[in-house]
Amino acid sequence: MTDGAPDFQQARLLAYSCGQSLTCSVDVVSVRSDFGTVPPAQGIPQFLAADIHARNDVPVADCSAMDGYAVAGPPPWRFAGEALPGEANPVSLEPGTAIRVGTGSVIPNGTEAVVRWEDVESRQAWRQAGPDPGLTLGAMGAPKPPDGDNIRRSGEETRLAERIGVSGQLLTSSLRGAAAAAGLDELQVARPPRIALLATGDELQDSGVPSASKIRDALTPTLRSLLPAMGAGIGTACLVPDSRDAAQDALLAADSAAIILSTGMASAGPRDYMRDVLADLGAEMVIDNVQIRPGRPQGLAILPDGRMVALLPGNPFAAISAMVTIVQPLIAGALRASLPAIRAVARHGSVPKPGAVTRLYPARWSTPTEQTAGPAEPSALGIARLDILPWRGSAQLRGLAEAEALLIVPPTGEPGYLPLP
Ligand SMILES: Nc1nc2c(c(=O)[nH]1)N[C@H]1C(S)=C(S)[C@@H](COP(=O)(O)OP(=O)(O)OC[C@H]3O[C@@H](n4cnc5c(N)ncnc54)[C@H](O)[C@@H]3O)O[C@H]1N2
Ligand code: MOO
């Protein structure tokens, strides 16, 4: 069983470094508001292809953190007008005066603090008061607020030119917002590698109820959704009959893809031609089987023209195993993102004994309840527990269909997990 094939982690690292050797092109994405237009849907996670540096301080100017009054000096304060959010910096504030401000208003020079309206007047007075130079605030004994109270200082979150994003970092929704706040209009992201899918098997049927000798192709729909979650969508997909010529023609035809995924034909069955065809084409097998179950017969080859071919076994769970072992690291490398880390499991249900090779199980987080003699009680700690699901067989998808993670049980050491998108 352990015939020199890499183990799970070795295979992931090998695939990751192969991905890094692929050319990485750059796309530009807008972080403008683009009001009135329909920006393209953002279903695929994007990774920065360059660092992001702030083009302005955040906040741009000193501003109020509360609705209330910008004040100078101790109370009482003579009311001296107002500055609404969006208005230019008002004139400076003299000691003993106050101006009405909203949350986010730029405050005048000389402001020592912002007093919340509810600390100096009634809601009715706050809502009704207009700029009335005769009004005096804080006469009824409002304390002098600490200097700087309720003021957001210019640059306190981000300084002009400060780095707020690092090349390779996942472009999260809030990082887009933070970039916009820091004055950027466009960001550079890594362009996903072009992927072609070859689904092999005379038995595959693409729709409808399969006849007795056929089965539905369950992998193409799975991969169409799983791949984008891993950072790259499928460009082309085709069904390849179980013949050597058909496999070779399909590999040659997928000449615009950087990465080709084939499903089936990965083992040593009578019509499992993929390895032979790759050898005929002069490909180098970088990964030839992995010490893992399910998914042992997976592989990764490099064609002489640099295209990568990931061999996914036909059994559906085995194919998903190859997706996390080879394809996810390959895409992460191609995007110059970091290799998704195997995470420690704080709590898990019963786990079969480790075997000679790494085992993957479909698993799901349980609601944090403790089973006691009576009805289930919410756990005091509330740490979610990872439980293995039924349907763990290599040919089965039902367990994965309900899974949120793959529980990874290595031959030695503690179990870990990878989230399953
Ligand atoms: N004598 C041995 N037989 C097998 C071994 C072995 O070591 N010795 N390994 C087994 C393992 S492990 C796996 S995994 C499979 C891998 O098989 P292949 O990659 O060659 O795939 P196929 O033979 O084409 O198909 C296997 C199985 O999967 C079904 N299949 C294929 N494609 C799809 C699809 N798109 N959607 C749903 N199901 C699919 C196919 O009908 C077969 O039932 O080999 C074992 N055999
Ligand atoms: O590796 Mo196979 O995937 O056990 O079925």
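One-based numbering, in listed order, for ligands and for the atoms of each.
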To the nearest 0.5 Å, tell me how far S267 OG sits from R275 CZ. 7.5 Å

Would you call D147 and K144 a salt bridge, taking side-chain N to carboxylate O under 4.0 Å as the test? yes

May I ask you to check whether S154 and D62 show a side-chain donor-acceptor distance below 3.5 Å? no

Rounded at 0.5 Å granularity, tell me how far CG in L339 sits from CD1 in I331. 12.5 Å

When rounded to the nearest 0.5 Å, the distance separating CG of L14 from CG of L300 is 8.5 Å

For Y273, does its backbone N or O pair with a side-chain atom of R244 as donor and acceptor, under 3.5 Å? no

Do the side-chain N and O atoms of D34 and T37 include a donor-acceptor pair separated by under 3.5 angstrom? no

For ligand 1, output the ligand-protein N/O contacts shorter than 3.5 angstrom; if there are none, return none.
| unit_1 | atom_1 | unit_2 | atom_2 | d |
| --- | --- | --- | --- | --- |
| ligand 1 | 19 (O) | A266 | N | 3.1 |
| ligand 1 | 19 (O) | G314 | N | 2.9 |
| ligand 1 | 20 (O) | A266 | N | 3.2 |
| ligand 1 | 20 (O) | S267 | N | 3.0 |
| ligand 1 | 20 (O) | D272 | OD1 | 3.2 |
| ligand 1 | 20 (O) | D272 | OD2 | 2.9 |
| ligand 1 | 21 (O) | G314 | N | 3.3 |
| ligand 1 | 24 (O) | M265 | N | 3.4 |
| ligand 1 | 28 (O) | G314 | O | 3.2 |
| ligand 1 | 28 (O) | N315 | N | 3.2 |
| ligand 1 | 28 (O) | N315 | OD1 | 3.4 |
| ligand 1 | 30 (N) | G314 | O | 3.2 |
| ligand 1 | 35 (N) | D217 | OD1 | 2.8 |
| ligand 1 | 36 (N) | A218 | N | 3.0 |
| ligand 1 | 41 (O) | E203 | OE2 | 2.6 |

Kindly tell me which protein residues have any non-hydrogen atom under 4.0 angstrom away from an atom of ligand 2, grouped by chain and ordered by number? R293, P294, G295, R296, P297, N315, A318, S394

Ring geometry between W126 and W117 (parallel below 30°, tilted from 30 to 60°, perpendicular above 60°): parallel

I'd like to know if the side chain of R159 and the backbone of E156 have a donor-acceptor N/O pair within less than 3.5 Å. no

